[in-house]
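What's counted below: heavy atoms across the whole structure, side chains too, no hydrogens, waters or symmetry copies.
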Amino acid sequence: MLALTLCGLLLLVLYARTRRLLFLYGGALVLALGILAKLSGLPILAPAAYALYEAGRRKAWTRAELLHLTLAAMLFAAPIAAYYSWAVYLGTTTPPYHVAGVGYVWQDPGEFIRQGFYISELRSQMAQRFAGPAIILLVAAGLFVRAQTDERSDVSFRLPWLFEVWLAASAIFYAIAAREFVNNPWNLLFVAPPVAGLAGRALAALTGASLALPKSWREARPLFMFGAATAVLFVLAASNLEDRREPYAGVDRDMGVRLAELSAPGDLVVTAAGAIGNPIAIYYSRRRGWVFPPGGLCPPGGAAPNSNWTLLEDDAASIARLDTLRAAVADWFGLNKGATDSNGVRLMDVSPRFLAHLEAVSSYTEDHPNFRIYRLTALQGA
């Protein structure tokens with residue numbers, strides 16, 4: 001998503017500068033591919049529109065150019081509308097009856113306000129994924145620094161507010177789906193380009209600043225400042241490196257691979273991963289299925305579309321959920337023995353009745369050091 005949307009934006013900027021149609025239609029297609037890869041690429045449309053606006057302000061669009069812009073917009077929008085319409089149809093008519101993405105502001109605006117749009121969770125995620133306060137400080141500085149241009153260069157087309165527009169669009173996009181982004185933080189990559197751009201602008205200003213260096217060092221001042229700034233960033237970010245070295249969800253991967261070996265094509269699986277709500281074991285199983293507790297629509301009597309599937313339920317509710325999944329013809333259940341929800345509650349510590357019920361409704365159990373796999377029996381009368 002990130003690579004394709006950035007390439008698409010570059011092509012549109014080149015079109016805005018040169019008015020060559022190859023760049024326009026190429027940019028529309030590549031941007032469409034980026035958003036087809038992941039819908040969280042949508043904020044790219046703001047800087048793209050800004051580039052086209054600046055081009056039209058400097059030199060008015062002709063009628064023929066406006067026609068081509070309209071055709072390119074249609075070329076961009078048609079595959080996106082078709083694909084996501086089909087995805088919603090599949091998600092609402094076939095197991096696991098789930099359309100990815102929940103937690104939009106219009107579903108529960110009161111909860112968004114009570115949670116402060118999940119800013120505290122966002123701050124934690126930004127600290128982990130964007131090198132923490134050092135980068136945030138550079139971004140803040142970049143908002144007050146204008147881009148430097150070599151007076152000798154002949155640049156007739158500039159986009160002085162590109163990163164500000166991009167960041168504002170990203171902030172609006174975050175506000176619309178804040179809970180989804182803090183629950184699935186890898187989606188926050190859409191904010192990486194404007195963050196990098198503004199931080200880079202601040203670094204560029206810093207390396208060009210005047211310092212009282214010895215005369216023999218003056219010519220090396222930019223390199224010196226850049227090295228010093230990089231060293232500071234490295235030290236401030238080093239605390240995040242240890243977490244990044246850990247093999248994330250290795251047990252869940254092993255569990256998914258074993259499910260793939262045991263199950264048959266067309267079987268439906270249920271998994272309770274190390275982090276409750278994480279679907280990684282389903283991915284490695286190469287089957288369709290549900291996380292446990294299930295999110296999405298699980299007929300009949302399943303979880304609501306906006307349910308928080310990162311939290312465990314009590315024994316009675318968990319048993320009812322499991323029987324609902326058996327009624328929906330779930331075939332296998334994979335349980336990570338360390339499965340823990342977002343409140344730190346461990347499934348095997350608090351759900352003895354559910355575990356006993358899971359054993360009772362299974363025709364086969366396979367026990368591994370870190371996980372168990374159950375072959376579910378069909379619910380009578382389902």
So which heavy atom on [X] is nearest to which on [Y], and how close?
| X | Y | result |
| --- | --- | --- |
| Leu167 | Val191 | CD1-CG2, 4.1 Å |
| Gly334 | Leu259 | CA-CD1, 4.4 Å |
| Leu347 | Ala272 | CD1-CB, 4.4 Å |
| Ala281 | Met255 | CB-CE, 3.8 Å |
| Ile319 | Arg353 | CD1-O, 4.0 Å |
| Leu262 | Ile373 | CD1-CG2, 3.8 Å |

Examine the side chains of [X] and [Y] and answer whether a donor and an acceptor come within less than 3.5 Å of each other.
| X | Y | result |
| --- | --- | --- |
| Asp323 | His357 | yes |
| Arg375 | Ser362 | no |
| Glu366 | His368 | yes |

Should the pair Arg201-Glu164 be classified as a salt bridge under the 4.0 Å nitrogen-to-oxygen rule?
->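 Yes, Arg201 and Glu164 are salt-bridged.
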Are any of the side-chain nitrogens in Arg287 or Asp267 under 4.0 Å away from the carboxylate oxygens of its partner?
->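 Answer for the salt bridge query: no.
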Using atom types as modelled and distance alone, determine if a side-chain donor or acceptor of [X] lies under 3.5 Å from a backbone N or O of [Y].
| X | Y | value |
| --- | --- | --- |
| Thr5 | Leu2 | yes |
| Asp367 | Arg372 | no |
| Arg58 | Arg158 | yes |
| Asn343 | Val345 | no |
| Arg326 | Thr377 | yes |
| Glu180 | Ala177 | no |
| Arg346 | Lys337 | yes |

[X]-[Y] co-clustered via ILVMFWY side chain contacts under 4.5 Å:
| X | Y | result |
| --- | --- | --- |
| Val30 | Tyr84 | yes |
| Val165 | Leu9 | yes |
| Ile282 | Ile280 | no |
| Phe333 | Val350 | yes |
| Leu90 | Ile80 | no |

Rounded to the nearest 0.5 Å, what's the gap from [atom1] on [X] to [atom2] on [Y]? Could you check?
| X | Y | atom1 | atom2 | result |
| --- | --- | --- | --- | --- |
| Leu355 | Asp315 | CG | CG | 7.5 Å |
| Leu312 | Ser318 | CG | OG | 6.5 Å |
| Ile172 | Leu42 | CD1 | CG | 13.0 Å |
| Asp341 | Glu313 | CG | CD | 10.5 Å |
| Leu325 | Leu268 | CG | CG | 9.5 Å |
| Trp61 | Leu66 | CH2 | CG | 8.0 Å |

Check: [Y] and [X] side chains under 4.5 Å, non-hydrogen atoms:
| X | Y | answer |
| --- | --- | --- |
| Leu10 | Leu14 | yes |
| Glu359 | Thr365 | yes |
| Leu189 | Ser40 | no |
| Tyr104 | Arg179 | no |
| Ile35 | Phe76 | yes |
| Val195 | Trp166 | no |
| Leu376 | Asp331 | no |
| Leu69 | Leu24 | yes |

Centre-to-centre under 6.0 Å for [X] and [Y], is that the case here?
| X | Y | value |
| --- | --- | --- |
| Tyr118 | Phe112 | yes |
| Phe190 | Tyr174 | no |
| Tyr83 | Trp86 | no |

Verdict with supporting geometry, Phe292 and Phe354, ring-ring contact (aromatic ring centres under 6.0 Å, His included) = CA-CA 12 Å; Phe292 192 86; Phe354 166 74; 5.0 Å; yes
Does NZ or CZ of Arg286 lie under 6.0 Å from the centre of the six-membered ring of Tyr283, at an angle within 45° of the ring axis?
->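 Geometry flag: set, cation within 6.0 Å and 45°.
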So, is the end of the Arg258 side chain (NZ or CZ) under 6.0 Å from the ring centre of Trp332 and within 45° of the ring's axis?
->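 No; the conditions do not both hold, so Arg258 does not lie above the ring face of Trp332.
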Criterion side-chain contact (heavy atoms from CB on, under 4.5 Å) on Asp254 and Tyr284, from CA distance to verdict = CA-CA 8 Å; Asp254 295 341; Tyr284 282 106; over 6 Å; no
Sole residue of Thr271, Asn278, Asp252, Asn370 in side chain to side chain donor-acceptor pair (under 3.5 Å) with Asn336 |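 Answer to the side chain to side chain donor-acceptor pair (under 3.5 Å) test with Asn336 among Thr271, Asn278, Asp252, Asn370: Asp252.
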Passes side-chain contact (heavy atoms from CB on, under 4.5 Å), Tyr364 versus Tyr374? Steps please.
-> CA-CA 6 Å; Tyr364 168 84; Tyr374 302 84; over 6 Å; no
Derivation and outcome, side-chain contact (heavy atoms from CB on, under 4.5 Å), residues Leu11 and Tyr15 = CA-CA 6 Å; Leu11 289 170; Tyr15 169 70; over 6 Å; no
Within 6.0 angstrom of Tyr53 OH, more than 12 heavy atoms from elsewhere =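 Incorrect, the count does not exceed 12.
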Mind running side-chain contact (heavy atoms from CB on, under 4.5 Å) on Leu12 and Phe23 for me, showing each step along the way?
-> CA-CA 6 Å; Leu12 284 185; Phe23 292 137; over 6 Å; no
Please step through ring-ring contact (aromatic ring centres under 6.0 Å, His included) for the pair Phe181 and Phe173, ending with a clear verdict.
-> CA-CA 10 Å; Phe181 289 127; Phe173 192 59; 5.4 Å; yes
